[in-house]
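Please read the structure below before turning to the comments.
Chain A is the first sequence line, chain B the second, and so forth, proteins listed ahead of strands; every chain is numbered from 1.
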Amino acid sequence: MFELLSEPVRKYIRDKRWESLRPIQAAAIEKIMTTSLNLILASRTASGKTEAAFLPILSKVDFAQPSVQVLYISPLIALINDQFTRIEDLCAYLDVSVTKWHGEASQARKKNLVKNPNGVLLITPESLEAMLVNAPYNAKTLFSGLKYVVIDEIHSFIGADRGIQLKSILSRLQYLNTHTFVVVGLSATIGDYTEAKKMTGDPDHTKVLLDRTAKEMEANFKYFKMEAADLPLALMKDLYLNTMANKVLIFPNSRGRAEEIAVKLKKISDKVNGHSNYFSHHSSIDKELREYIEHFAKTNVRFPFAISCTSTLELGIDIGSVDKVVQVDATYSISSLIQRIGRSGRRDGEVSKLLFYATDKWNLLQSLACFDLYKEGFIEPVNVIRQPFDILLHQMLAYVKQLSGCTRAMLWERVRENYAFDQVAEQDFDAILTQLLEKDLLELIGGELIIGVEGEWVVNNKDFYSVFKTEPAYKVLNYDKPIGEIPFSPQLNEDENLLLAARIWKIIEVDHTAKKISVIPAKDGKKPIFSGSGADLHPKIRERMLQLLTESEEIPELDETSIDILREFRSEFRNYRIESLEDDRPALLKEGTIQLYSFHGTRVNKSLHFLFDLIGQESNYLEQTSSFTFTGGKAELLSFIAEAIQILEDIDFHLENIVLTKPSIMEFSKWGHFLPLQLKCRLLNDKYFDFYGARDFLDRVSLVVIEFE
DNA sequence: GACCTGCTGCGGCTTG
């Protein structure tokens, strides 16, 4: 394949002293050099996917033309900054210029590129959106001759609102282009190839190149029972001993927990004169601090360190190789687990090392289920929203602004041709349009649709460019030094202490007008309170949890305590005699209550809970155990199930009712609250609930009841 | 008890 590449690119490879091309690189070179197919490159982390795309693209494209030739799109600014150096290094061999374009990139460089459009551009979807609505002429100048679009970490877009927006943006870019550009998507974790192919807009001309080679991995499971709000001391000591001499990433599932771990490990380390390289890394920590930590991890070769983090360090940002990855309690998805495993053992011949800690039996079970499915190569498919009305509404506003007004016919034509919305009917488009006019977001003047009075506020706000919601936050400052930004909670009062950026602070002043919190260092404090909602769990994970309970096979990676806990847990459920994993579900009778374990995914559980509420049977719903507890016995539960099935017949009426009586239910969608009632309900149905799954569950469920003695 | 992601243009200021 080497021979297919252009001479400057071959020189680059020789200078790098690569002995051979990786399988994904060889395959991509062949396809890109000899065809014009769109591609999805799926291969594990650190397998050279970026080069797999760029070596042949740079060999093939003629950069003499006055247009950006290659557009690289990333979900993260940090990833752009990281890839910039690598791509620039490669492009230097061809005398091709590379430009960063995102909210924190240099304005001057952006202006220069507009004056002289050329080379490779690295950008975020939101920056593309901003350019399209604010300066469509720039987009036209820059991209009229675009040849390739490379989408990095494409799995983070697939099945997400941001992915629908990106599809729409690609469609809008294609409209400006004189010919068709080729799309190449990169990812290590694709669970749904059909959806991945649809990202390119032309699934029939999209080929998936897949390298299934997995990294060797060592996994260990440990168990420490959580008795209070804080992590048990024994766990912390064990974690310290297992990480003190290594470079590690620790993934608990929340920002608060990440702080708790960083501060406690540092405390233990101080006591025994260990190293002091303990950090926390998550969305509430100041950007510069985060960059410092990333830089430290990347450049430091000699010293051990530990970064306690959330999914901020899950995607491809190169922080060098770590020796070990620690997962505290279960991940929400296999996809996330794969990304995290990929952070360690990045060099050839290295083994990925993963250490799981569980703090209760349900988390142990969930971790084992994820691990089991991971070994089988399962990655959860995404929840596909066929009619994304909320994103469509946003894109309709974007179109009107981009076109500086247009007729209804023209707008419908654009939407109809936009592959992000190919399942949307004209009458639904019209319903949204009517609503936009009614709310003064749009205005109709002389047959032209223009941005309305209310619309001006919306589209001229910098919050317009993104399709996801963020909560308002307070800046935390130590004198003038920013530490981070955290959402307001009653905990934030003068004289309270809190943990942030792996340090303990005392609050000396809360300024509600300026939304600023002044802090000084302190000795002891509580972890900050965050009001997030966890990610949805896929039904397959819960089903595997039930399966693991009914089996008796020993799992070699468990420590003694985990073995005992699992054995006990299994014997508890053995009494239920589950025969069909699909239909049989345990129900526990205890002191006049009955607890139904659905072992189903989050969306179905939310739907079941909603249905039980509707029939007036308030249940105690616990997502972690996937269970519902009612007053009564088996007969009552059976009648609740029958009633729930009954009420599903009128679900549309009940959805309308909930939207009218409790508008806050639409908070899951940033733009959904502008939709007409009918479409709000349909969006709730598709995105928030899963009544189809709930109906299927209720129809098939067969109760296996056991009485608690 | 619960993840994450991004951000224009312009007026007004300082500085070289």
Side-chain angles (χ1 to χ4, degrees), chain A residues 73-81 100-105 107 110-111 123-136 138-139 152-158 160-163 165-166 169 226 228-231 251-258 260 280-285 287 290 308-317 327-333 335-337 339-340 359-360 362-363 366 394 398 401-402 456 458-471 473 485 487 489 527-537 602 605-606 621-625 670:
Chain A
I73 301 174
S74 152
L76 302 177
I77 289 179
L79 192 54
I80 290 183
N81 294 341
K100 284 190 269 190
W101 190 303
H102 55 67
E104 292 159 23
Q107 289 286 342
K110 294 181 191 171
K111 272 186 196 155
I123 202 165
T124 60
E126 287 74 15
S127 282
L128 273 173
E129 180 72 79
M131 191 195 299
L132 281 169
V133 296
N134 293 323
N138 283 350
D152 208 352
E153 303 285 4
I154 196 171
H155 69 278
S156 71
F157 293 113
I158 301 168
D161 288 348
R162 236 181 147 192
Q165 181 190 25
L166 179 56
I169 287 172
M226 184 106 106
D230 283 354
L231 290 167
F251 289 96
N253 291 329
S254 71
R255 290 171 279 178
R257 196 66 81 200
E260 184 191 346
S280 65
H281 191 287
H282 53 78
S283 64
S284 292
I285 289 174
K287 209 154 205 135
R290 280 159 71 175
S308 177
C309 56
T310 59
S311 41
T312 46
L313 284 183
E314 194 174 284
L315 290 182
I317 309 161
Q327 178 65 43
V328 180
D329 283 334
T331 53
Y332 290 108
S333 68
S335 170
S336 180
L337 180 61
Q339 294 287 139
R340 292 174 185 188
T359 61
D360 65 62
W362 287 97
N363 259 302
Q366 191 177 319
H394 174 255
K401 179 156 192 212
Q402 176 184 341
E456 292 287 346
V458 175
V459 303
N460 292 326
N461 189 313
K462 69 178 169 138
D463 203 34
F464 179 66
Y465 313 113
S466 73
V467 291
F468 51 86
K469 274 182 111 155
T470 40
E471 46 189 347
E485 280 192 24
S489 77
K527 58 175 188 280
I529 297 166
F530 295 104
S531 63
S533 59
D536 289 352
L537 217 64
T602 310
N605 283 344
K606 278 195 290 198
Y621 158 46
L622 294 172
E623 173 56 17
Q624 198 198 16
T625 61
K670 178 166 170 180

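- No donor-acceptor contact under 3.5 Å links the side chain of A:Asn253 to the base of B:dG1.
- Between B:dT5, B:dT8, B:dC3, one nucleotide has an atom nearer to the side chain of A:Arg162 than all others, and that is B:dT5.
- Taking 4.0 angstrom as the limit, A:Arg257 places a side-chain polar atom (N or O) nearer than this to OP1 or OP2 of B:dA2.
- With distances taken from any side-chain atom of A:Ser466 to the nucleotides B:dG6, B:dC4, B:dT8, the minimum falls on B:dG6.
- Following rounding to the nearest Å, A:Lys401 (NZ) and B:dT8 (P) show an atom-to-atom distance of 11 Å.
- Applying the 4.0 Å criterion to OP1 and OP2 of B:dC4, one finds that A:Thr310 has a side-chain N or O inside that range.
- Within the nucleic acid shown, A:Asn461 has no heavy atom closer than 4.0 Å to any nucleic acid atom.
- Here A:Thr470 lies in heavy-atom contact (under 4.0 Å) with a base.
- Note: CZ (A:Phe157) to C1' (B:dG6) measures 11 Å, nearest angstrom.
- The CD-C1' distance, from A:Glu129 to B:dG6, rounds to 11 Å in whole Å.
- For the side-chain hydrogen bond (donor to acceptor under 3.5 Å, both in side chains) test with A:Thr312, the passing option among A:Arg290, A:His281, A:His282 is A:His281; the others fail.
- As a whole-Å value, the separation of A:Asn134 CG from B:dG9 P is 5 Å.
- Nucleic acid contact class of A:Ile77 (heavy atoms, under 4.0 Å, all strands): sugar-phosphate only.
- Going from atom CD1 of A:Ile158 over to atom C1' of B:dT5 covers 16 Å, rounded to whole Å.
- Counting non-hydrogen atoms under 4.0 angstrom, A:Ser283 reaches the backbone sugars and phosphates but no base.
- When the C1' atom of B:dG6 is taken as reference, atom CD of A:Gln165 falls 9 Å away, rounded to whole Å.
- With B:dG6, B:dG9, B:dC4 as the candidates, the nucleotide lying closest to the side chain of A:Thr124 is B:dG6.
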task = Could you go through the side-chain contact (heavy atoms from CB on, under 4.5 Å) check for A:His102 and A:Asn81 one step at a time?
result = CA-CA 10 Å; A:His102 55 67; A:Asn81 294 341; 3.0 Å; yes
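- Between the CG atom of A:Leu315 and the OG atom of A:Ser156 there is a distance of 5.5 Å, given to the nearest 0.5 Å.
- Rounded to the nearest 0.5 angstrom, A:Lys670 NZ and A:Ser466 OG are separated by 3.0 Å.
- The only option from A:Thr124, A:Ile80, A:Leu128 that meets the side-chain contact (heavy atoms from CB on, under 4.5 Å) definition with A:Ile73 turns out to be A:Leu128.
- The distance from atom NE2 of A:His282 to atom P of B:dC3 is 10 Å, rounded to the nearest whole Å.
- Counting only heavy atoms from C-beta on, A:Arg290 has its side chain closest to B:dT5 among B:dT5, B:dT8, B:dC4.
- Counting to the nearest Å, the P atom of B:dT5 and the CD1 atom of A:Ile285 are 11 Å from each other.
- Nearest to the side-chain atoms of A:Glu126 among the listed nucleotides B:dC4, B:dG9, B:dC7 stands B:dC7.
- The nearest heavy atom of DNA chain B to A:Lys670 and to A:Glu623 marks one nucleotide each, and the one closer to the 5' end goes with A:Glu623.
- Nearest-nucleotide assignment on DNA chain B puts the 5′-proximal partner with A:Ser284, out of A:Ser284 and A:His102.
- Residue A:Ser127 places at least one side-chain N or O closer than 4.0 Å to OP1 or OP2 of B:dC7.
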ask   = Between A:Asn460 and A:Lys401, does a side-chain contact (heavy atoms from CB on, under 4.5 Å) hold up when you go through it step by step?
value = CA-CA 10 Å; A:Asn460 292 326; A:Lys401 179 156 192 212; 3.0 Å; yes
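- Centre separation under 5.5 Å together with a plane angle under 30° does not hold for the ring of A:Tyr332 and the six-membered base ring of B:dC3, so they are not marked as stacked.
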